Structure formats: C-alpha cells, structure tokens
Protein chains: 2
Amino acid sequence: MPADLPKSRAPSIRDVARLAGVSHQTVSRVLNNHPSIRDSTKARVQQVMDDLQYRPNRAARALSRGTSRTIGVLSASSSQYGPASSIAAIQDAAREAGYYVNTANLTSVDPETIEAALDHLMLQSVEGIVVIAPQMRVFDVLEQLSIAVPYVTLQSTGSLNEHGLSFDQISGARAATRHLIDLGHRNIYHLAGPQDWIEAEARMRGFLDEMGAMDVPTTAPILGDWTADFGYHAGRELLRVRDFTAIFSSNDQMALGLMHAIRDAGLSIPGDVSVVGFDDIPEAAHFWPPLTTVRQDFPELGRRCMALLLDDISPGPGEHREAIIPELVVRASTGPPAF
Amino acid sequence: MPADLPKSRAPSIRDVARLAGVSHQTVSRVLNNHPSIRDSTKARVQQVMDDLQYRPNRAARALSRGTSRTIGVLSASSSQYGPASSIAAIQDAAREAGYYVNTANLTSVDPETIEAALDHLMLQSVEGIVVIAPQMRVFDVLEQLSIAVPYVTLQSTGSLNEHGLSFDQISGARAATRHLIDLGHRNIYHLAGPQDWIEAEARMRGFLDEMGAMDVPTTAPILGDWTADFGYHAGRELLRVRDFTAIFSSNDQMALGLMHAIRDAGLSIPGDVSVVGFDDIPEAAHFWPPLTTVRQDFPELGRRCMALLLDDISPGPGEHREAIIPELVVRASTGPPAF
DNA sequence: CGTTCGAATGTGCACGGTCACAATTGTGGA
DNA sequence: TCCACAATTGTGACCGTGCACATTCGAACG
C-alpha cells in the first residue's frame, strides 16, 4: 500500500484521477453525469472519491463555468414573519434547484444603503435577485443601476413591471373591506403600511377601491410602520375622536396594537369597534379576540417567486404567473356595529 | 479613440491593466491596497476600473486565495422571530467584516436532513458555521462528521462545549420562576420547548433549579413545540384539572396560546392564573394582558456569535465570551394568586 | 559618477475545475 | 478480415486572481 501522503490541501479531481488511474477529465465527467462513461469506470472513480472524501471546489467550478449558481435576496425587515417565511421558502426552493442563496438586509431605505446591499450581492456574481422589500425606491435604484441580472419581487401588485409576482393584494384588501361593509359598518378607518411600500400601497388601493365601489365615504388612511407599537399609539390617537366603528389594519401586528389601545380605552371588540388585519400570522388566531384577517401563503409565495426567477435565468417550461388569491379568514374580532 | 470592443465577457484585471498601461499584478495590488503603489499609478488604475465598471470576480479570488470568505448558517424555524432576528444580525455583522453568509434551513431534524444541510454548506467551502437550531442531535451529527471548519452556536447554555456562546438562559428562567414564587405562587407549571432543544433544556433546568432552591414542589414540565397553537391546546388540557395558579412558558408564542385558552375557560389573567413568557417578542407588550416575559437581545446575540466565529477563523484580539444576562420584563400578565 | 538598497512594478505559474478537440477503444456490417 | 462510426477516454488550454520571485526604477551615499 502506497504511503498516504498527508497533504494539507483538499483533494482535487487530479488526485482522484491519479488514484483511479484515469484522466482528470474522466473524473469531471463522473461528477457531471456525462452519459458516455463506462459503468465500471464510473464506479471506480466514485469509490476513490468516497475514499478521499472528495468535495468539488465550488469556486473553481464557478470560475471555469462562468456561472455562480447563486441567487441573491434583497430584503428589508427580514425578521418579520412574512418576509422571514418567504425567505425560508426561497432558500429551500433554491437548494432543491441546486442554487445557493445569499441574503443582504436593508437596514434603511436611503439609496446609498440600497446600492451598497446590491453591490454586496453583485460582488458575488449572483445570477438573479429576489427583492423582498418592495419599496418603490428599491426599484428606482435597480432600474438606475441597470442591474445586469434578472430580478423578481414578491408581494407586488403585478402592475409595476414585468418582474413582479402577482399576489393579488388588492382583492385581498377589497375582501376585507367588503366584509366590514357587509356587516353594516360605514365609518371605517384604514391603518396603512409605510409610504413607498408597494404592498402597503396595494392594500390601501384595495381599501379605497372597495369603499368607492360601495359608495361609502372614506377618510384618509393613516400611514404606519407595520409595528404593534405603532398600532397602539395610532389607536390611542384615533380613540380621542371615536368617529368610527371599524378599522382595517394592513397587517396583523398593527391590528394587535390597535386592539390593545381599544381595550385600554375600555371599549369592547367587536362590540364597539371591529378590527381586521392582514397576513394571518400564526399568532393571529390566538389574539384576544382572535383576529379576522386576510391569509397570505408566504411560503408558496417564496416558492413561486423562486420558480419565476429560475425561469428567467434559464428559460424552462414557463411558469404559471397567475396571481395567488388571498383568503379572508373571519374570526371573532369583527361583528356588526352597535348603534 | 480606440474602438470599444463589445466583449461579452466581464472585464478582468488584465483588461484594466492593458488600458491603464500597467501589469495585471499592479491592478491586483490596487485592489488589495498594497502599500507600495505610487499614488499616480493607483489613481490611473482606479480611473480605468471605474470606466470599465470593473468588478472583481469572486470565484477567481476564492480559488486563488483558497478562501471563500463565506460563512454558513444552519438554522431551524428560521421564520420565527428569535432566529430570524439573529440571522439578520449575523448577516449584517458578516457583511461588515467582508464575509458572505449562506443559510441552510432544517425542515426536520432527522440525521439525513441535517447532514444534507451541512453538505450543502460544506459544498460552498464555508469557513465557519453558525448553528441556530441548537438541537442536541445537530451537535451529534456535527461531531460525527468531524466538520473541518470552526462552528459556534447561539442560545446554548455554554456548558455544552467550547463552541457555545453563553447566553445565560438558565438564570433568565430562574428569574422568571423566582418572580412567580415571590408573588406567592406555589403551584406552577412549566410549558417547555421541544425535547432535544438545548435552549428548551436550559430554560427547563432554570425553572427546576429555582423551584428546588426555593423548596417549592414541582410537577413535570410539558413539552411543547414553540407554537401558539400548541400553547392553546396544552392550556385546554391543563385547565381540565386546574391545580395551578401560574404557568411559566418557555416562549412568548406558547404563552399567547395559553392565555387564549385561559380566557376561553372564563378565567382571568392574572386574577386566576399568572403567565410568564420568554423572549419578549415585539408583540408581547400588546398581548392581552401585556405579557410578563424574559427579554433576549437576539440581534446582540447574533452579533456576538459572529464575532466569536470570526475570531475562531482568524484569531484576533480575542472576544469577550462572557454571558449575556437576560432581563425580566414585568407586565400585566402576572400578579399574586387569588385564594 | 558608480554603487547600494528599498520602493515600485513586472513575469510566470498555480489554484481546481470545464471546454474543445484529439486520440483511442469497441462494435457491427460488408 | 477490414472499415466506418460511435462510445469512451485523454490532452492541453483557459477561466480571473493572487503569490513568489525577478526586475527595474529612483534616490541617497560614498
């Protein structure tokens, strides 16, 4: 038995080749499932690879192929339930497709930060980008930098450009609004997401559209920041006037804060005020009272998004781009208004 | 002006070198801030790089240097608030240090899945791994595979091995338990996390330790799965007997479900039952009633974890490994027992 | 003015794969 | 038996960057 030289370097295909008595190219063929390899040869090579615990070097492969098999994710508020579950789904889908995922977080939304994050991604020669913080501004920067790779976004309205995955937020918001109107509410407030966020915009539009269609007078939506804290403070402010019987919040966290403020004021839900949220986070069913909300299937969204992007990178069978229709989940936080 | 040949390939250092009238090595030196470069030369090269929109090729660099500057994150339940915020912090810290992060999700905990996820990470030649799903089993697999790179874990007790970052979960849990005992409770249940999770184990230990130290008789903890749904169902079961006045839940989500069940049974919180959670997720302050809980600084945890790992990869000034002490946040969900 | 030495720059190759092409082997039909 | 042709395997170059070493430059010094 020849001495097993204790080389410090990890084994390469040439090491495998030498021990298997073949050329390095043959080893490469085994790695890539080339059709024309004799079974016996393949087995022998495989055996040596196992013995050596050989791992292909990704950098070398990327360099030589000129392709990184990495996609980038640009995300804001990635610790929130929605984005986080989408990211997880994207990662799983990517891994399944043999891709790697690299995430860059947006801590703020000024152009410099966005550009820095994009730079970080581009530096890794990503082949595509998924944008999860669909702020208008991000797209401006994307367009302006004339990004050289395909990109898609989650949670857009689908109307922005060809890159968006249509999740029909508008009809989700309309359904929620319609639910309140059907119950008999006429004085309804809308607690919207931050200005500049595409999904906040879409939900607000859905609200306004439905109110308009049903001929119910509206007040200007309040722009929030998605947090429960904001919902609480907004609620306190609103309750000083108390000229409404229902509120549609554009996410569940703000709805939670809102309900907190309403109870603090000694009012009952839904007796005095009905509340509707958006997202259906897993906790929503256990809020007090359990929250009526609009369910979004974030993981499915992530998967679809990934499929879309992969299709852009290397056109395949063509993905179904039809919109996902969100579903209204009626729980105990809504009821007819008291007069 | 020479024709600007429309090459399809991205510019390389040699392209830059040619246009700047220097050797490719000089360009490389500019890239790496080599000290011995004449300012004028440096400026000229930089100019050409800007003109060409030159981006260094990461794969080539990794191949040549033999280092990927990538760290891997192995994570379970990455869509939950705690892990998600830690991951975000890790990514930020890594980016700041010039590292890239690649995440692999664990959808289940059987050895094959863990091994596959690790494989995925190793295939990218990561230089270090952060384990966020600190299940015992994961460590077994890690040890067994004799992973060739340093790794650290969040949220361990610090006692497991030298890889753990000490977040003193035990004293956090003790503080929570002590709070209940001090209020006068003597019949206290503990709703623990899943078996095999290190942090669940640590919190349980803290609970049992404190109960023992204060000479309060204990019942066996109930093993949950971190979800609000589980908390709700566990609560319903427990209330059929109702031989307790307080419950310490090992996370906020389960505490939420628990409170839901308690209210469903027509009982009041904290009048009939006091509830304590763990984590202090942003929503906890707006639960009904606002939840007494133990605050964990997840972002700080992520940052520290990253510092530790980077220090392992290339020993530096030596990081402070002292434990983070969690803080008890008393809100309205706890009070003295009614007799 | 030649020498010396450090600063600044250039040369060639290695890294570990893949690609294009060449060479060899194997198989069936004339 | 010999040849055409496909299946299988080998050869060498190349991807873009960094390293080790060689070379040139420039200023200070004897």
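Keep in mind that this is a model prediction, so the values were computed, not measured. Proteins come first, then strands; the chains are lettered A, B, ... in the order of their sequence lines, and each starts at number 1.
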Atom-to-atom span, [atom1] of [X] to [atom2] of [N] - whole angstrom:
X	N	atom1	atom2	answer
B:Q25	D:dG16	CD	P	17 Å
A:R29	D:dT8	CZ	C1'	8 Å
A:L52	C:dG16	CG	P	13 Å
B:L123	C:dG16	CG	P	16 Å
B:L63	D:dC14	CG	P	17 Å
B:R14	C:dT11	CZ	P	11 Å
A:N32	C:dG16	CG	C1'	13 Å
A:N57	D:dG16	CG	C1'	14 Å

From the list [options], which nucleotide is the closest neighbour of the side chain of [X]?
X	options	result
B:S23	D:dT17, D:dG10, C:dG10	C:dG10
B:S36	C:dT18, C:dA8, D:dC19	C:dA8
B:P56	D:dG10, D:dT17, C:dG10	D:dT17
A:L31	D:dG16, D:dT9, C:dT18	C:dT18
B:I37	C:dG16, C:dT9, D:dT17	C:dT9

Subject >> Residue closer to the 5' end of DNA chain C, A:H24 versus A:R38 (nearest nucleotide) >> reply: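 That would be A:H24.
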**OP:** With DNA chain C as reference, determine whether B:S64 or A:S64 sits nearer its 5' end, using the nearest nucleotide of each.
**Re:**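 It is B:S64 whose nearest nucleotide is closer to the 5' end.
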Between [X] and [Y], does any side-chain donor sit less than 3.5 Å from a side-chain acceptor?
X	Y	result
A:Q46	A:D50	no
A:S108	A:T113	yes
B:T67	B:E127	yes

What nucleic acid atoms does [X] come within less than 4.0 Å of, heavy atoms only: base, sugar-phosphate, or nothing?
X	answer
A:R58	nothing
A:R55	sugar-phosphate
B:V27	nothing
B:H34	nothing
A:I13	base

Nearest 0.5 Å, please: how far is [atom2] in [Y] from [atom1] in [X]?
X	Y	atom1	atom2	value
B:H120	A:R95	NE2	CZ	6.0 Å
A:L310	A:I71	CG	CD1	6.5 Å
B:N33	B:K42	CG	NZ	5.0 Å

**OP:** Hey, which sits more toward the 5' end of DNA chain D by its nearest nucleotide, A:P35 or B:R61?
**Re:**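 Of the two residues, A:P35 wins.
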**OP:** Would you kindly compare A:A60 and A:D39 by the position of their nearest DNA chain D nucleotide and give the one closer to the 5′ end?
**Re:**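 It is A:D39 whose nearest nucleotide is closer to the 5' end.
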**OP:** Return yes if the base of D:dT17 and the side-chain atoms of B:R65 contain a donor-acceptor N/O pair under 3.5 Å, otherwise no.
**Re:**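 Between D:dT17 and B:R65, which were checked side chain against base, a qualifying N/O pair under 3.5 Å is absent.
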Original post:
Under 4.0 Å: is that the gap between some side-chain N or O of B:T41 and OP1 or OP2 of C:dT9?
Top reply: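 True: B:T41 side-chain N/O within range (under 4.0 Å) of C:dT9 OP1/OP2.
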Original post:
Taking only N and O in the side chain of B:T26, is any of them less than 4.0 Å away from OP1 or OP2 of C:dG10?
Top reply: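 True: B:T26 side-chain N/O within range (under 4.0 Å) of C:dG10 OP1/OP2.
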